[in-house]
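Below is one structure, written out as structure tokens, with a few remarks after it.
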Amino acid sequence: MCGHCGCSSEKARLSEPGIERHSHLQQDGDSLQLQQALLAGNDELARQNRDWLTENRIICINLMGTPGAGKTQLLEATFRGAGTDWPTMAVLEGDQQTQNDARRIQASGGRAVQINTGTGCHLDACMIQAGLASLAPEPGSLVLVENVGNLVCPALFDLGERHRVAMMAVTDGEDKPEKYPHLFAGCELVIINKIDLQPYLEVDLDKIKASLRRLNPRVEILPLSASTGEGLNAWYDWLLTRARL
Ligand SMILES: Nc1nc2c(ncn2[C@@H]2O[C@H](COP(=O)(O)OP(=O)(O)OP(=O)(O)O)[C@@H](O)[C@H]2O)c(=O)[nH]1
Ligand SMILES: [Mg+2]
């Protein structure tokens with residue numbers, strides 16, 4: 001049982017090679033104790049992940065956001081747009097069910113391992129540890145993690161990543177940063193996707209930017225369209241700058 005959201009997921013499944021891991025602790029005390037134990041256990045595994053990634057010079061980026069914001073579409077576009085001088089990239093895909101997103105990445109020319117969280121609503125450090133063992137990213141590469149589409153619980157779980165990116169779409173509504181402040185406040189970059197749809201919506205991009213800056217004064221904000229490609233060069237620049245540091 002997850003101490004944050006009350007979900008009852010106890011196992012995550014990886015598509016290749018079919019590893020099963022217990023991802024959550026069993027509830028045997030009150031919820032506060034469970035929550036503390038859960039986060040302490042997660043933090044230790046996140047530290048191990050971070051150490052391993054650092055030893056292998058792998059930059060890991062945790063992409064979180066609303067369901068359907070276009071996270072996979074952005075990753076597909078990123079593989080298609082990658083230059084020959086880019087570092088090698090691979091993806092850990094998080095969803096409750098299906099292998100759809102890993103298959104989409106593979107169809108775009110990328111390597112991906114799908115992690116299915118069952119009834120769980122977020123990835124945790126244990127799942128990432130198993131996912132990395134299965135993915136076996138090469139030293140010096142970039143690992144992009146697509147977290148489960150959810151603006152709440154993913155923000156609470158350190159995966160051992162180097163960078164956190166949040167994504168929403170203009171179709172999600174202007175008030176998402178205000179309603180779900182923790183995730184947006186904890187990210188270095190917020191991508192606002194689907195700007196090609198703006199002419200058809202009553203949405204004020206400046207209002208979204210202003211509320212993001214109120215929550216997180218140093219945040220970088222990139223409006224883009226993963227479909228039309230508008231704004232993608234700024235995303236590629238951001239990514240490559242982080243990958244080369
Ligand atoms: N118009 C428009 N549609 C987009 C854009 N990006 C993604 N979409 C569409 O939005 C839908 C969801 O895109 P996905 O890439 O599956 O979104 P996701 O965030 O990965 O979704 P989950 O993994 O299910 O949370 C698809 O129908 C995409 O074609 C965009 O920039 N513009
Ligand atoms: Mg997706």
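Order of listing sets the numbers, starting from 1, for every ligand and every atom in it.
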So the ring pair (Phe, Tyr, Trp, His ring centres under 6.0 Å) pairs with at least one residue in residues 45-91 (sequence neighbours excluded) are W86-Y236
Residues in contact with ligand 1, criterion: heavy atom under 4.0 Å:
T66, P67, G68, A69, G70, K71, T72, Q73, D95, D101, R104, E146, G149, N193, K194, D196, L197, S225, A226, S227
Should R47 and D43 count as an ion pair when the cut-off is N to O under 4.0 Å?
no
Would you call D101 and K71 a salt bridge, using N to O less than 4.0 angstrom?
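No, no charged N to carboxylate O under 4.0 Å.
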Please check: side-chain N/O of N150 versus main-chain N/O of C121, any donor-acceptor pairing under 3.5 Å?
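Looks like yes, one N/O pair under 3.5 Å.
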E138: which residues meet the salt bridge (charged side-chain N to carboxylate O under 4.0 Å, His left out) condition with it, sequence neighbours left out?
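In terms of salt bridge (charged side-chain N to carboxylate O under 4.0 Å, His left out), with neighbours along the sequence ignored, E138 is linked to no residue.
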Between H122 and F157, what is the ring plane arrangement, given parallel below 30°, perpendicular above 60°, and tilted in between?
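Judged by the thresholds at 30° and 60°, the geometry between H122 and F157 is parallel.
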Polar contact flag, side-chain donor to acceptor under 3.5 angstrom, D172-T66
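Present: a donor and an acceptor within the cut-off.
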Among E161, H163, R162, which residue meets the side chain to side chain donor-acceptor pair (under 3.5 Å) test with N62?
E161
Excluding water, the protein N, O or S atoms sitting under 2.8 Å from the Mg ion (ligand 2) are T72 OG1, D101 OD2, E146 OE2
Would you say that more than 12 heavy atoms from the other residues, nucleotides or ligands in this model lie under 6.0 Å from the CD of E230, or not?
no
